[in-house]
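Residue numbering restarts at 1 for every chain, and letters A, B, ... go by the order of the sequence lines. Please read these numbers as outputs of a predicted model, since none were measured by experiment.
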Amino acid sequence: MKLMLVGSTGQIGTAILHHAQAFGISVSAFTKAQLDIRDQVAVKETIARIRPDAVVNASGYHVLPDCEKFPDKAFELNVYAVKNLAQCSEAAGARFVNYSTDKVFDGSVNAPHTEDEPTNPLQIYGISKLAGEIVTHVQSSRAYTIRTCGVYGGKSGSRIKKGNFVLYILKEARSKKTLEVSSDQVASFVNAADLAEVTLKLITQQAAPGIYHVVNDGYDSWVNFAKEIVRLTGSALEIIPVDRSKEDSDFRIPGFQALANIKTAALGITLTSWQDGLHRYIDYLKVEHAI
Amino acid sequence: MKLLVLAHTGQLGKELCTLIKSGNHELCSFSRPELDITDHDKVRQTLEECAPDIVINTAAYHATPEGENNPSALFGVNALSLVNIARTCKKINARLITFTSDYVFDGRLGRPYREDDMPHPIQYFGLSKYVGELIALNYNPDTIVIRTSGVYGGVAGSQSKRNFVLNIMNESKSKSVIDVSSEQIVSPTFAYDLAIATMDLIVRKDAHGIYHLTNTGYCSWAEFSSEIMKLSGITTQIRPIDRKGESGGIRRPIFSALENTKAKAMGIDLPPWKDGLRRYIEYLKRTL
C-alpha cells in the first residue's frame, strides 16, 4: 500500500513515518517546502504522479493565538488546502485522512464528547478545523476525520509549538521548583505513536469513512497530567493548580475537552489509558537520552 | 437609538435604511466603496467613532462560481470580516446583526429547517456564511444572526447580481420558453418584508442568537418563476427542469426552505411568499 503524507515533520507526521513500515506501507512524504498544499495545481499533479492509496494530511495551522491574529492563514491551511487535498484524493480514488480537534466542541457537555455530538467551536482555530471537516466530507467519499486532543510525541515535539506539553513540563522541571498549570480544563491526551498506529489501522482495515475520535483512554485535568509527568520522572517540581477560567481572554476555549473513542472501539480498535501512553513516552525519551 | 448599516446600497441595506430613517432612529450608513468591510482598521475606526447601539451588517459576497474558485475573497467578506466587526462591537457594547443564508444547510432533511437544525453546507458559499455565524456569535455576546433565503427587492436589485425576479423578467423579453430548476425548494423573500421583520426583531431586548426570517411557505424556483409570469402578465412559458442540485455553476441544496419558529414565538412573522411577490411586482409596475 502506498501512502502520501503531507506535514511529515510534525509530531503526527513523524509518528506516521515511523510506524508505516510495520504495516507494510510505503510512504511518500512531503514537507511544506516540498509541497505547498495551498497550490491546487501542485497538489493535483503530485497526487496524480504518486498515485497513492491514501493521502494523510498531518499539517495544520494550530497555534491558537496565531489563528486569532492571522485568521486568513488559518483558513488557507486548515480549510482551502484541505479542500484541495480531499478533492484531488477523491479524483485519484485515494482515501483521505485529515486531523481535527476537540475544539470543534464548546465543552458545555461535561462528559467526553462522542463523534456525533453537535459541534460549536468557540474560537478561530476550532472554527477553521470544523470548516476543514466539512469540506473534507463534501469533497471525499472515503475520508476519515480523526479528532484528537493533547498530542505529544517525538524527541522534540512540535517544531512550531517548540515542544509539547510533556517536554514543556520536563524543561521547566530542570530550572524551577514550582510551576502553575491551569486547573479549569479537563482533556484527553494521546501519544502520537498510538495516534499514528490507529490512523494506519483505519486505513489498512478500510474502515467506513467518517469522523473518528482517537485519544488514549480516560481523561483528566492538565494539572493531574502534569503531576503524572513529574511522578514518572521522579522530579521534584511542584505543580500549582491555577484557575484561569475567570481571566479575560481574547478568545474562548472549551473547559471540557475530553473525547470518547466510540467509533474506533466499535471496530475493535482500542488504545491504552492515558497513563500508559504517557509512561511509554517517558520511557522512549529516556532511551533516546532526551531526558 | 443609533444604528449603523454596512453596505447600505444593497437590496436589504436600502430597505433597512429607509425604515430606520422613517422611524425615530439615528443612522450612520456606508456603501461598500465608502467602507470596505475587509479594511479592518477603517471598519474598527468607523464603528468606534460612530458608537452605535446596533450594527447591521448586510455586506455579502453572493453565491457564484467565482466565489467558489476564490475562497480567500469569499471568506474574507462573508466570514473573516466578522472577526473584526464582532470584536469591535463587543468593545463598544453594540449589538451586532448579521445576515446569513439557507445555504448553511445541505438540503437533505426533506422539511423546512428550524433554527436549531445542524448546518452542513455543501459548497464554499454556504460554508463562508456558516463560519460567519460562528464568528459573529462567539466574538460578540450580543449578536443576532438572521438566516434568510432568495432575497429580492428594489428597482435594480443587488449590484452584483440583480435578483431572481428581475433576471427572469429580463430573460422573458427575448424568450418564449425559459428552463428553470424544479428540484430546489426555497423560501424566496421580499427584501421589504425582511426589513420590517428585522427592525421588529432587533429592538427586542430578549432577542439573541439565530433567527429564520423568510416569507412563509416554500416553492421551487420553477413555481416561483411561473408566479412571476402570472403576476406580471408575461406569456413566456416556464419549463421545469430537474437540475439535480447543480445550477448556476454551484452545487445547491435540494430542500433549503427555512421555518421561522423563534421570531414567530415572539410575535414576529412575514407574509406568505406569494403575497410578498405580488407587492413587489406591483411596486415594479409603479416604479419602472
Side-chain angles (χ1 to χ4, degrees), chain A residues 38-41 64-84 86-87 103-108 115-141 145 210-211 248-254, chain B residues 38 40 67-88 90-91 103-108 114-141 143 145 209-210 245-246 250-253:
Chain A
R38 296 168 300 178
D39 182 347
Q40 225 176 345
V41 173
L64 266 67
D66 286 352
C67 290
E68 296 295 309
K69 273 207 294 255
F70 308 113
D72 316 56
K73 192 123 192 249
F75 274 73
E76 266 178 39
L77 292 168
N78 295 342
V79 188
Y80 321 144
V82 170
K83 187 242 186 197
N84 290 346
Q87 191 173 20
K103 294 193 178 58
V104 299
F105 298 111
D106 60 18
S108 58
E115 286 88 347
D116 53 8
E117 247 175 63
T119 54
N120 180 28
L122 303 173
Q123 76 296 117
I124 303 289
Y125 172 65
I127 294 172
S128 70
K129 292 299 273 180
L130 177 63
E133 292 186 9
I134 291 171
V135 298
T136 292
H137 296 287
V138 166
Q139 295 299 327
S140 168
S141 66
T145 285
I211 298 171
D248 207 20
S249 169
D250 277 339
F251 58 93
R252 299 158 64 201
I253 46 179
Chain B
T38 62
H40 302 314
E68 296 299 302
N69 288 324
N70 194 353
S72 286
L74 177 67
F75 280 75
V77 173
N78 291 347
L80 304 185
S81 64
L82 281 157
V83 178
N84 182 48
I85 293 171
R87 278 194 182 135
T88 309
K90 182 178 178 185
K91 188 174 167 199
Y103 278 29
V104 302
F105 297 112
D106 63 12
R108 294 189 193 122
R114 296 191 277 265
E115 292 86 352
D116 57 3
D117 283 321
M118 195 65 184
H120 205 99
I122 57 176
Q123 77 294 107
Y124 265 153
F125 169 73
L127 182 59
S128 72
K129 287 302 215 172
Y130 180 38
V131 168
E133 293 184 3
L134 291 169
I135 290 172
L137 291 166
N138 281 303
Y139 283 77
N140 182 41
T143 289
V145 165
I210 298 169
E246 289 270 358
I250 300 185
R251 254 182 93 173
R252 295 177 191 272

A:Phe75 and B:Phe75 aromatic ring geometry - parallel, tilted or perpendicular at 30°/60° bounds:
tilted
Taken in chain and number order and not counting sequence neighbours, the residues that satisfy side chain to side chain donor-acceptor pair (under 3.5 Å) with B:His120 are none
Sorted by chain and residue number, the ring pair (Phe, Tyr, Trp, His ring centres under 6.0 Å) partners of B:Tyr139 (sequence neighbours excluded) come out as none
TODO: Say whether, by atom type as modelled, one donor and one acceptor occur between the side chain of B:Asn138 and the main chain of A:Arg252 under 3.5 angstrom.
DONE: no
If one checks every heavy atom of A:Asp250 against chain B at 4.5 Å, the contacting part turns out to be backbone
Applying a strict 4.5 Å limit to non-hydrogen atoms, the region of B:Leu80 in contact with chain A is side chain
So CG of B:Leu134 and OG of A:Ser128: to nearest 0.5 Å the spacing works out to 11.0 Å
In terms of heavy-atom pairs under 4.5 Å with chain B, the winner among A:Gln139, A:Gln123, A:Glu68 is A:Glu68
The interface call for A:Thr119 against chain B, heavy-atom contacts under 4.5 Å, is both
Pair count under 4.5 Å, heavy atoms only, with chain B: among A:Glu76, A:Lys83, A:Gln40, highest is A:Lys83
Residues 130-138 of chain A vs chain B, non-hydrogen distance cutoff under 4.5 Å, contacting residues -> A:Leu130, A:Ala131, A:Ile134, A:Val135, A:Val138
Of B:Met118, B:Arg251, B:Gln123, the largest count of non-hydrogen pairs under 4.5 angstrom with chain A goes to B:Met118
Applying side-chain contact (heavy atoms from CB on, under 4.5 Å) to B:Ser81 and not counting sequence neighbours gives B:Ile37, B:Ile85
Turns out that what part of B:Leu127 lies under 4.5 Å from chain A's heavy atoms comes down to side chain
The interface call for B:Pro121 against chain A, heavy-atom contacts under 4.5 Å, is both
